[in-house]
Amino acid sequence: DTGVSQNPRHKITKRGQNVTFRCDPISEHNRLYWYRQTLGQGPEFLTYFQNEAQLEKSRLLSDRFSAERPKGSFSTLEIQRTEQGDSAMYLCASSSTWTGDYGYTFGSGTRLTVV
Amino acid sequence: AQRVTQPEKLLSVFKGAPVELKCNYSYSGSPELFWYVQYSRQRLQLLLRHISRESIKGFTADLNKGETSFHLKKPFAQEEDSAMYYCALSGGGTYKYIFGTGTRLKVLA
């Protein structure tokens with residue numbers, strides 16, 4: 001297990017196109033989180049899953065954003081009809097509730113540029 | 001409102017000098033506080049959590065509920081400590097974080 005893996009590392013897309021990102025968490029971790037980070041800011045919470053259930057979505061997540069974790073393993077984040085304001089680093093993290101440890105393991109992120 | 005404030009965007013210190021990275025929070029319940037670090041070209045990684053009361057790489061942080069602060073300290077800075085540091089808060093059993101805007105630490109030779 002090499003940690004949390006995110007693909008692609010970089011994505012450049014034209015405004016109006018749809019994009020999908022993938023996150024593979026640490027296999028023993030039952031929680032998976034998506035955050036977004038823009039320049040000069042800390043990561044902002046988007047959504048999280050416990051196993052396959054999406055337990056919370058931020059109000060930042062407009063209807064153009066959807067996330068899934070179909071089998072409680074990997075997750076995808078899709079952005080439809082991208083806008084220039086969607087340009088950001090999208091971070092995935094995972095953790096385990098079994099240990100009672102709130103600490104995350106982060107992936108390297110997917111940098112999205114909308115042109 | 002729940003909030004984490006890191007008042008310094010940039011902190012420059014000389015090697016061997018003490019370091020204190022400030023973090024203040026606003027939270028109505030009992031929060032869990034963390035420090036995350038991001039070295040150049042690396043992913044964000046957990047440095048410290050207040051419940052562990054541990055010292056990692058010479059860094060310590062004490063939760064002061066009266067002052068609602070969780071400052072990160074190190075007595076003698078090293079060049080390899082240069083990085084971006086984020087303070088984060090979690091609470092209410094949600095496991096989601098509220099991050100501060102981060103402080104870039106530069107340790108000068």
Side-chain angles (χ1 to χ4, degrees), chain A residues 2-7 9-10 23-26 29-51 53-61 67 69 88-111, chain B residues 1-10 21-27 29-54 56 61 63 70 72 83-104:
Chain A
T2 56
V4 178
S5 176
Q6 290 189 248
N7 287 288
R9 293 292 299 274
H10 304 274
C23 172
D24 288 89
I26 290 175
H29 285 180
N30 58 339
R31 287 212 173 192
L32 185 147
Y33 312 82
W34 287 99
Y35 283 77
R36 180 171 67 186
Q37 186 174 21
T38 53
L39 199 61
Q41 300 297 316
E44 293 177 294
F45 170 78
L46 292 178
T47 188
Y48 84 92
F49 293 84
Q50 178 157 316
N51 301 312
Q54 188 173 19
L55 296 187
E56 188 171 345
K57 288 174 59 171
S58 164
R59 285 172 229 163
L60 292 175
L61 221 62
R69 194 183 183 199
M89 177 72 87
Y90 289 84
L91 296 169
C92 177
S94 67
S95 72
S96 170
T97 57
W98 313 123
T99 61
D101 184 351
Y102 285 70
Y104 288 4
T105 301
F106 276 93
S108 298
T110 294
R111 182 170 296 284
Chain B
Q2 300 171 15
R3 186 165 47 241
V4 174
T5 302
Q6 294 181 251
E8 303 137 331
K9 283 193 177 299
L10 173 65
L21 299 168
K22 291 184 167 51
C23 172
N24 288 90
Y25 67 89
S26 173
Y27 187 76
S30 293
E32 304 286 343
L33 273 296
F34 302 80
W35 278 99
Y36 279 79
V37 61
Q38 188 166 28
Y39 301 102
S40 180
R41 300 185 187 282
Q42 294 188 27
R43 62 187 66 188
L44 207 52
Q45 55 187 280
L46 179 64
L47 179 64
L48 281 180
R49 69 204 81 190
H50 91 270
I51 57 173
S52 302
R53 302 186 65 80
E54 58 202 343
I56 303 292
L63 179 60
F70 187 58
L72 184 67
M84 195 74 183
Y85 291 80
Y86 293 95
C87 183
L89 173 157
S90 180
T94 66
Y95 290 81
K96 71 178 185 184
Y97 286 169
I98 298 167
F99 282 89
T101 52
T103 297
R104 180 167 299 283

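We name chains A, B, ... by the order of the sequence lines, and we start the count at 1 in each one.
Heavy atoms closer than 4.5 Å to chain B are found in the side chain of A:Glu56, but not in its backbone. Of the atoms belonging to A:Gln37, it is side-chain heavy atoms, and not backbone ones, that fall under 4.5 Å from chain B.
Ring geometry for A:Tyr104 versus B:Tyr97: interplanar angle under 30°, hence parallel rather than tilted (30 to 60°).
The cationic atom of B:Lys96 (NZ for Lys, CZ for Arg) lies less than 6.0 Å from the six-membered ring centre of A:Phe45 and within 45° of the ring axis.
By the 6.0 Å contact criterion, CZ on B:Arg104 is open, its count of non-hydrogen atoms from other residues, nucleotides or ligands being 12 or less. Within a 6.0 Å sphere centred on CG of A:Leu39, heavy atoms belonging to other residues, nucleotides or ligands number 12 at most.
Residues A:Val4 and B:Arg43 share a closest heavy-atom pair of O-NH1, 2.9 Å. The heavy-atom pair separating B:Leu44 from A:Pro43 by the smallest distance is CD2-CG, 4.0 Å.
When each of A:Ala93, A:Gly109, A:Gly107 is scored by its heavy-atom pairs under 4.5 Å with chain B, the top score falls to A:Gly107.
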